[in-house]
Amino acid sequence: MRGSIDGLGSSTPIGTMLPAVFADDDLAQRFVGGLDDVLAPILSVLDCLDSYFTPSLAPLDFTQWLAGWVGAETDGTEPEARLRAAVAAAAYLHRVRGTRRGLSEAVRLVFGVTPEITESGAASWDARPLGPVPGEHRPRLHVTLRLPHPTPADEHRLDSLVAAARPAHMPYTVQVTAAERIPER
């Protein structure tokens, strides 16, 4: 939450801009000094406005608000680094939404793991007309995610994420499994 900051001085104090008759008036200087205290955080934000819209530099609470503003796929439980990455990638993810790459990137940003995606579609080229149609007759999409310590909440989160980022016409299934551990030698 933005607010007043103790000891933050104004970058342009109002007292120095008053007419000369008020320059030595203690009451006028204290009155505009109070206004300086109120306006200093606003002027500071305006001076640093570009930093507020750079997810890696913005304050955490503003980045959380910005996530909703740009439509980043967040639920409020992700670590700060993943939140900032999701906000930074939101515009790109909106451009590739509904594609395999977009779905894979959205899942990777939320879970930190690249999913396995299988689908029924295909593409081919044939010199002769009326060649065989590639792919399967019925559309399908299956997303498998292998996590070190999966929980039921992970499957619910993956389901809602795939529902939002998949192609609109595609029925889907999701599966969250434990990642295989390689024994150390």
Side-chain angles (χ1 to χ4, degrees), residues 1-2 48-185:
M1 176 66 86
R2 305 294 108 214
C48 304
L49 192 60
D50 61 328
S51 297
Y52 277 80
F53 295 102
T54 305
S56 59
L57 300 175
L60 180 59
D61 63 328
F62 191 84
T63 305
Q64 291 166 337
W65 175 83
L66 194 58
W69 196 50
V70 298
E73 296 290 340
T74 60
D75 65 354
T77 62
E78 51 277 323
E80 182 179 342
R82 281 203 195 135
L83 170 70
R84 292 180 185 278
V87 172
Y92 167 73
L93 288 176
H94 289 306
R95 280 195 310 271
V96 295
R97 188 178 207 105
T99 66
R100 182 184 186 123
R101 180 175 49 169
L103 177 59
S104 177
E105 186 64 18
V107 171
R108 189 191 63 75
L109 279 171
V110 170
F111 290 99
V113 177
T114 302
E116 297 172 18
I117 300 174
T118 56
E119 58 184 324
S120 59
S124 72
W125 181 88
D126 197 335
R128 293 181 297 140
L130 302 175
V133 177
E136 299 172 18
H137 179 68
R138 296 180 58 105
R140 69 171 176 78
L141 172 68
H142 181 74
V143 179
T144 302
L145 189 62
R146 299 186 192 288
L147 296 175
H149 306 288
T151 66
D154 292 331
E155 187 158 348
H156 176 71
R157 178 73 175 120
L158 179 62
D159 184 68
S160 63
L161 186 62
V162 171
R166 69 184 166 93
H169 69 284
M170 187 77 76
Y172 69 95
T173 57
V174 297
Q175 180 182 16
V176 177
T177 62
E180 293 181 17
R181 295 186 181 158
I182 301 172
E184 296 180 21
R185 295 180 187 201

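All residue numbers in this chain count up from 1 along the given sequence. Computed from a predicted model, the values in this text were never measured in an experiment.
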Inset, instruction - Could you tell me whether His156 atom NE2 has more than 12 heavy atoms of other residues or ligands within 6.0 Å of it? - result: no
Legend entry - Salt-bridge contact Arg140-Glu119 (side-chain N to carboxylate O under 4.0 Å): no
Inset, instruction - Indicate yes or no for a side-chain donor-acceptor contact from Arg146 to the backbone of Pro115 under 3.5 Å, with no hydrogens or angles considered. - result: no
Legend entry - Check: Leu60 and Leu83 side chains under 4.5 Å, non-hydrogen atoms: yes
Inset, instruction - Please report the shortest heavy-atom distance between Arg108 and Thr114, naming the atom on each side. - result: CD-OG1, 3.7 Å
Inset, instruction - Please tell me if the side chains of Phe62 and Phe53 come closer than 4.5 Å, counting only heavy atoms from C-beta onward. - result: yes
Inset, instruction - Using side chain to side chain contact (heavy atoms under 4.5 Å, CB included) as the criterion, list what pairs up with Val110, not counting sequence neighbours. - result: Arg157, Leu161
Legend entry - Closest non-hydrogen atom pair, Pro148 against Ala179: N-CB, 4.2 Å
Legend entry - Gap between atom OG1 of Thr74 and atom CZ of Arg84 - 0.5 Å precision: 13.0 Å
Legend entry - Close side-chain approach of Val143 and Tyr172, heavy atoms under 4.5 Å: no
Inset, instruction - Step through the shown structure and confirm whether more than 12 heavy atoms of other residues, nucleotides or ligands are within 6.0 Å of CH2 on Trp65. - result: yes
Inset, instruction - List for me each residue that meets side chain to side chain contact (heavy atoms under 4.5 Å, CB included) alongside Leu57, sequence neighbours excluded, and say none if there are none. - result: Ser51, Thr54
Legend entry - Leu141 vs Pro171 side-chain heavy atoms within contact, under 4.5 Å: no
Legend entry - Distance in Å, Thr118 OG1 paired with His142 NE2, rounded so as to fall on 0.5 Å steps: 5.5 Å
Inset, instruction - Compare every heavy atom of Met170 with every heavy atom of Pro139, then report the nearest pair and how far apart it is. - result: CB-SD, 3.7 Å
Legend entry - Rounded distance [0.5 Å steps], CD1 in Ile117 versus OG1 in Thr144: 9.5 Å
Legend entry - Check: Asp154 and Leu145 side chains under 4.5 Å, non-hydrogen atoms: no
Inset, instruction - Might you work through the side-chain contact (heavy atoms from CB on, under 4.5 Å) test for Leu109 and Leu93, ending with a clear yes or no? - result: CA-CA 10 Å; Leu109 279 171; Leu93 288 176; 3.5 Å; yes
Legend entry - Salt bridge Glu105-Arg97, side-chain N to carboxylate O under 4.0 Å: no
Inset, instruction - State, to 0.1 Å, how close Tyr52 and Ala58 come at their nearest heavy-atom pair, and which atoms those are. - result: O-CB, 3.4 Å
Inset, instruction - Just jot down the salt bridge (charged side-chain N to carboxylate O under 4.0 Å, His left out) partners of Arg82, sequence neighbours excluded, or say none. - result: none
Inset, instruction - For Ala106 and Ala165, work out which heavy atoms get closest and say how close. - result: CB-CB, 4.5 Å
Inset, instruction - Give the minimum heavy-atom separation between Ala86 and Ala72, together with the two atoms involved. - result: O-CB, 3.8 Å
Inset, instruction - Could you walk me through whether Thr173 and Val162 pass side-chain contact (heavy atoms from CB on, under 4.5 Å), step by step? - result: CA-CA 9 Å; Thr173 57; Val162 171; over 6 Å; no
Legend entry - Check: Thr63 side chain, Pro59 main-chain N or O, donor-acceptor pair, under 3.5 Å: yes
